[in-house]
Number of protein chains: 2
Amino acid sequence: MSLAISLFAKKGYNGVSIRELAIAANLSVAGIYHYFPDKQSLYQEAVKQCFSNKAFSFSSIWQSDAPPKDKLRLFVHSLLKVMLDDKDFHNLLQHELLLADEVRLKLLADNIFRDEFNELLKLSSQLFPQQPAYLMAISILSLVFSHLELQPLGRFLPDYQTKYETIDMLTEHIVSLLLEKSITID
Amino acid sequence: MSLAISLFAKKGYNGVSIRELAIAANLSVAGIYHYFPDKQSLYQEAVKQCFSNKAFSFSSIWQSDAPPKDKLRLFVHSLLKVMLDDKDFHNLLQHELLLADEVRLKLLADNIFRDEFNELLKLSSQLFPQQPAYLMAISILSLVFSHLELQPLGRFLPDYQTKYETIDMLTEHIVSLLLEKSITID
DNA sequence: GTCTATATGGCGATAGAC
DNA sequence: GTCTATCGCCATATAGAC
């Protein structure tokens, strides 16, 4: 199944055939249909397993009594690590966002993201009381998410350096961007 | 051709058949092959046209003598507007980032994004001298990009309000997040 | 449970008339 | 330039033996 997840993550639903999945599973095509009624079911099971495997266990962060700023740093670092360690998760999530199937996105929101997002909302309202908590939480997620998403393109943009892809540098940048006053010249 | 762009943006390369494209173009399948040697060429032409249509004409912003902070606000607002006005562009870009074809991403970087990104780098180093310009520029793009990308999911998350999707509210949030000191409680 | 064999249909692409 | 007709292939899915 983990091979199926990987294939769907890399090539998308329409990019993977039952034949490929059968080979990856060391099974004949008919063998696949013994376990799943059709391709859609297989795909949805793959997504479900990939996402719930995470279980997004950031609970130790939320439960610690570290100061909010440290919690933010830990969260950003952990999220970056989860995404970098499991590119399949990142890619599958992007595919699901693109498909934008309302039913499946609602399941995702309720089952996978809801609790973590609530904690992130709390943290946001503590650290950034002058901003709407919802927008602030999305912004934090955006910074992590999109930095990774843009990396394949960024490698060809001016001023790019490989060190900008390291997890520590990204964490430091994102956290200080969020927390430190910018010294601006008007 | 704009119908082809729309189809590819919504369903991805593998999700659209030549037959669909033929119907959309009011042509027979063979008719399509009079103009394009194969499906790949048609797709690449669609991408090219969709992206260069933008030409990303933010030049008036860069050339103005407005203070840097105002330029930032104008840029964020304009980029949000471009993305919201042309969802096909946004979706097609996401598909291209997911495919991560090195050759095509390099073309994209060189032909479409390079000049605008250079301007954004300049602005970033003016406004945020304490941050690496590259990371800062990517962060600005990330905030715009991912807020939109996460909208379909965000609608099912706690604390969501429809007003958070308005272009003015998003602009205000992103700009003030970047420019204003956060009043944090340790 | 897993296989071979096959049904049925859509796919990308082409031939050749007009 | 645009069409109808068709090719060969691969897709999803099923039937039925073992």
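Order of the sequence lines fixes the chain letters, A, B, ..., with proteins taken first and strands second; residue numbering starts at 1 for each chain. Not measured: the values here are computed from a predicted model. Below, all heavy atoms of this structure are taken into account, side chains as well, without hydrogens, waters or symmetry copies.
- B:Tyr164 has its ring centre no less than 6.0 Å from the ring centre of B:His173.
- Summarising the geometry, the separation between CG on B:Asn14 and P on D:dC10 is reported as 15 Å, rounded to the nearest angstrom.
- The stretch residues 3-12 of chain B has no heavy atom under 4.0 Å from DNA chain C, so no residue of it qualifies as close.
- Considering only heavy atoms from C-beta on, A:Leu105 stays 4.5 Å or farther from A:Asp101 through its side chain.
- B:Leu98 and A:Leu93 are not part of a single hydrophobic cluster, where members link through side-chain heavy atoms under 4.5 Å apart.
- Rounding to whole angstrom units, NE2 of residue B:His34 and C1' of D:dT2 are separated by 8 Å.
- In this structure, B:Tyr35 places its OH atom 7 Å from P of D:dG1, rounding to the nearest Å.
- Atom CD1 in A:Ile23 sits roughly 15 Å away from atom C1' in C:dC3 (whole-Å rounding).
- In terms of hydrophobic clustering, with Ile, Leu, Val, Met, Phe, Trp and Tyr side chains grouped at heavy-atom distances under 4.5 Å, B:Leu3 and B:Tyr35 are assigned to different clusters.
- Using bins of under 30°, 30° to 60° and over 60° for the plane-to-plane angle, the ring pair B:Tyr43/B:Tyr13 lands in the perpendicular bin.
- Both B:Leu99 and B:Leu97 belong to a single network of hydrophobic side chains, linked directly or stepwise wherever heavy atoms of I, L, V, M, F, W or Y lie under 4.5 Å apart.
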Verdict with reasoning, A:Glu119 to A:Lys71, per salt bridge (charged side-chain N to carboxylate O under 4.0 Å, His left out): CA-CA 11 Å; A:Glu119 296 290 346; A:Lys71 282 190 181 178; over 6 Å; no
Per-nucleotide protein contact string for nucleotides 7-18 of chain C, where B marks a base within reach and S marks sugar-phosphate only (heavy atoms under 4.0 Å, - for neither): ----BBBBB---
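- The local environment of NZ in B:Lys39 is crowded, with over 12 non-hydrogen atoms from other residues, nucleotides or ligands closer than 6.0 Å.
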